[in-house]
Amino acid sequence: MSAAAPPDEAQLAALERKFDPEMRFRPLGRTVSTLVGALLIALSLFHYYTAGFGLLQEITHRGVHLAFVLGLIFLVFPHRRALLEQAPPSRLLWPGGVPWFDWLFALAVAASVLYIPWVFDDLAFRVGNPSGLDVVMGSILLIALLEATRRSMGWPLPVIALLFIAYALAGPVFPGLLKHAGATWTQLVNHQYLTSQGIYGVAVGVVATYVFHFVLFGVIATRVGLGQLFLDVASAVAGRYAGGPAKVSVFGSALFGMLSGSSVANAVTVGSLTIPAMIRVGYKREFAGAVEAASSTGGQITPPVLGAAAFLMIEFLGLPYQTIIAAAAVPAFMHFFGVFMQVHFEAKRHGLRGLTDDEMPKLRDSFARRWPTLIPLALLIVILVSGRTPYLAAFAGISSCAIVGLSTLERGNTARHWALMAGLHALLLALVFGGIEHGGVKLALLGVAVIATPLALKALRIRGRIGTPVLVEALGTGAKYALAVGAAAASVGIVIGVVTLTGVGFKLSTIITGAAQATAATVGTLLPAALASPQALTLLVALVMTGVVCILLGAGIPTTANYIIMVTVAAPTLVQLGVEPLVAHFFVFYYGVLADITPPVALAAYAASGMAGSDPFRTGNTAFRLGLAKALVPFVFVFSPALLIVTKGFTLYDFTLTFTGCVLGITLLAAALSRFFLVEMSRVEQALCVLAALLLIAPGLVPTVAGALLALPMGLRQLAAWRRHRAAAPA
């Protein structure tokens, strides 16, 4: 594709399939495509209904969700990637493009999942004493789940799950602390299948209760035009300044991250507009792709959704939603600020221009056309902050998207358009805030809305910004996008099940703590005692070890799955060393996200490089450099938790000192990495700038003052050189 022109929708879809295994759907025949589409829409409607009218009994709700998800994976994901480009070899053996064994897999896995809700009344008597049929059905589910995860996610997560299974079965052969009594296959299946500590555990529960709904909301909100409004706002705010398209990428990805929890999807959607523009104004291809990749990974740490991690934290920590998003705000700002400053210095160094008036969208015109698309997001946030359940907020957001899409135009709305939109929103607010407890009444109101809306649209001759076919397509697409994360959550349940069965989490914490203490003792002999206490050094080493493991584990694994595993395995180590649980969770979450721009498996960087026409590995390296603030800030909030605002012992003094030091330090680090502040830097200035930046970022008054004093001579020299340069420039 041409790097100077935005790719079309087909090229974007091809890029997503190439770099994101979650998007590699097989071509289907017409009949099977209709069947699969109906099942996907039914899955979305099931979650939409339960979000608004009450969840089913826990095990039933999770069972229905998982049966749909795993069954559909065998219909939409081929067993070999090569089959994506090949026609089925035989219609008899491959009806509708799906081989006979995939039909068998789909039916078997759905039956094995629904078996647990079916025998639920008798389940308490089966736990610890499973019948032969229980073991058979559980074995089918374990095998089919690993295969479904491999198809939809690739090999990394199934391999990790298999290693944990092997550890559970072969406990006596392991040395030292890792040794345990071992479990039989029957005991393993019993724990993973019949209890809530394994496959049916918290990971599947969060996806079935929260994550699915917000994936669906993001898809529908994008269809009605909210994503485009965000990009237009970003262009208007930042586009005209030096290196404008790159700054638009940073702002646009931050805003778009509210809708998309996927780094790759964010990179492809926003990058389709910003990467060609960056190359046009003079950025190198590798840098253009890296800017979009680094910015896109920020979408997963951006409130209000945090790529679904916010809802996982609610479950794991038992904290209210408001606390989670308040804690996430400042670190997310630091990430985008770090990328923005490097973009700015790079643009100044190379004299890159901004966008012209002709190249930028007219913000007033964009708002006039799309401001109603902000209503669903505003309603969603209001309900979340009001303390109601996240799934009810998602129900309201999805409903509002449908109302706005069907009842308003991009231009020329009349009184009847506004009246219909207002009336439907009034009905929606009555459902959400009206205190109606009777399910039958609520269902009747929804039925009236569903039946009356098409009739009103026809009677009033209203054609909205999207039609009913687009809404139906979005329901199917949203469900399809959620399949892979559903399988990943269930596979993570296997890991959690082994941890709870064997106690390996505590053992790993002990091993990591011991290794950190030994390393800290060795390092401590080389440093003056005044520089760091043994406890601080031990914590620092443990953080480095944990961060490395998070990045390695995150290579090719979705952030949600990575976060759950690290919370189970690594976060207890940090808590054992005195780190507050909220802070420990944010640390492992941030380093899990970092894997998307860390070679060799930097999925977001590789997707962006595909659009930029650049070398993927060099793009990944540059993206990691741009995202260094995300790598440093977690260390800061561990040693100075005030940066998360809502932690224990918060003081305004600590927050102000840490925040100011981070802003100054990230600015200097960006300048050093770009070798430009006010003018080109010398090597000595660059080295001093790095040292000053690290001191400023380090929490505490002494290092902050030391960093500022160290940076002062460099700043004065740069200012003098800049003045000379201006004086010498022709008028």
Side-chain angles (χ1 to χ4, degrees), residues 237-251 274 277-292 294-295 333-356 614 618-619 621-629 631-632 660-698 703-731:
V237 169
R240 68 181 70 254
Y241 301 105
K247 293 175 180 176
V248 171
S249 172
V250 177
F251 277 101
T274 59
M278 281 188 263
I279 294 171
R280 271 202 308 273
V281 301
Y283 281 107
K284 294 180 181 178
R285 291 174 182 269
E286 286 80 9
F287 192 83
V291 168
E292 185 52 54
S295 302
F333 164 79
M334 291 297 177
H335 166 71
F336 288 110
F337 178 72
V339 179
F340 179 87
M341 292 310 298
Q342 289 194 61
V343 161
H344 174 74
F345 289 132
E346 192 80 16
K348 287 294 187 180
R349 180 185 180 191
H350 295 289
L352 303 180
R353 69 174 178 87
L355 296 173
T356 64
S614 61
R618 291 176 63 185
T619 303
N621 288 335
T622 306
F624 181 75
R625 186 250 286 183
L626 290 169
L628 269 179
L632 292 175
T660 304
C662 277
V663 168
L664 295 176
I666 288 172
T667 301
L668 290 179
L669 184 62
L673 293 171
S674 304
R675 288 197 63 194
F676 187 94
F677 187 59
L678 296 175
V679 295
E680 192 91 14
M681 280 186 178
S682 67
R683 290 292 184 186
V684 173
E685 287 180 317
Q686 190 180 22
L688 286 174
C689 204
V690 169
L691 183 57
L694 294 177
L695 287 169
L696 283 163
I697 291 172
T704 301
V705 173
L709 292 175
L710 189 62
L712 185 59
M714 182 277 299
L716 293 174
R717 186 264 167 193
Q718 285 274 308
L719 182 60
W722 176 72
R723 286 175 173 170
R724 288 196 301 271
H725 178 74
R726 284 193 65 186

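Treat the numbers as computed from the prediction; the structure is a model and nothing was measured. Just so you know, these numbers use all the heavy atoms, side chains as well, and skip hydrogens, waters and symmetry mates.
The minimum heavy-atom distance linking Ile697 with Gly665 is given by the pair CG1-CA, 3.8 Å. When all heavy atoms are compared, the tightest approach of Gly338 to Ala629 is CA-CB, 4.2 Å. Across all their heavy atoms, Val291 and Ser249 have their closest contact at CG1-OG, 3.8 Å. Counting all heavy atoms, side chain and backbone alike, Leu710 lies closest to Ala692 at CD2-N, 3.7 Å. Closest approach of Cys689 and Ala672 over heavy atoms only: CB-CB, 3.9 Å. Smallest separation of non-hydrogen atoms from Thr619 and Ser614: OG1-OG, 2.7 Å.
No more than 12 heavy-atom neighbours from other residues, nucleotides or ligands sit within 6.0 angstrom of OH on Tyr241. Within 6.0 Å of the CZ atom in Arg675, the count of heavy atoms belonging to other residues, nucleotides or ligands exceeds 12.
Residues Gln686 and Phe677 have side chains not in contact (no heavy-atom distance under 4.5 Å, counting atoms from C-beta outward). In this structure, Phe676 and Met681 have side chains that are not in contact, with every pair of non-hydrogen atoms separated by 4.5 Å or more. Under the 4.5 Å side-chain criterion, counting only non-hydrogen atoms from C-beta, Leu669 is in contact with Leu632. Between Met714 and Leu668, some side-chain heavy-atom pair lies under the 4.5 Å cut-off. Pro245 has its side chain out of reach of Arg280: every pair of non-hydrogen atoms, C-beta onward, lies at least 4.5 Å apart. Looking only at side-chain heavy atoms (C-beta outward), Arg349 and Phe345 stay at 4.5 Å or farther from each other. Contact of the Leu673 side chain with the Leu628 side chain is registered, since non-hydrogen atoms from C-beta on lie closer than 4.5 Å.
Atom OH in Tyr283 sits 8.0 Å away from atom CE in Met278 (nearest 0.5 Å). The line from CG of Leu688 to CZ of Arg717 is 11.5 Å long, rounded to the nearest 0.5 Å. Here Arg285 contributes atom CZ and Arg618 contributes atom CZ; the two are 12.0 Å apart, rounded to the nearest 0.5 Å. If you take OG1 on Thr667 and NE2 on His344, they are separated by 9.5 Å, rounding to the nearest 0.5 Å. Taking CD of Glu286 as the start and OG1 of Thr622 as the end, the distance is 7.0 Å to the nearest 0.5 Å. Of the inter-residue distances, the one linking Lys348 atom NZ with Ser674 atom OG reads 13.0 Å to the nearest 0.5 angstrom.
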From CA spacing to verdict: side-chain contact (heavy atoms from CB on, under 4.5 Å), Thr704, Thr660: CA-CA 9 Å; Thr704 301; Thr660 304; over 6 Å; no
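Below 30°, between 30° and 60°, or above 60°: for Phe251 and Phe340 the angle between ring planes is above 60°, a perpendicular geometry.
His335 places a side-chain N or O within donor-acceptor distance of the main-chain N or O of Ala294, the cut-off being under 3.5 Å. Of the possible donor and acceptor atoms, one in the side chain of Gln718 sits under 3.5 Å from a partner among the backbone N and O of Val679. Of the possible polar contacts, one joining the Lys247 side chain to the Ala242 backbone as a donor-acceptor pair under 3.5 Å is found.
A side-chain donor from one of Thr274 and Glu292 sits under 3.5 Å from a side-chain acceptor of the other.
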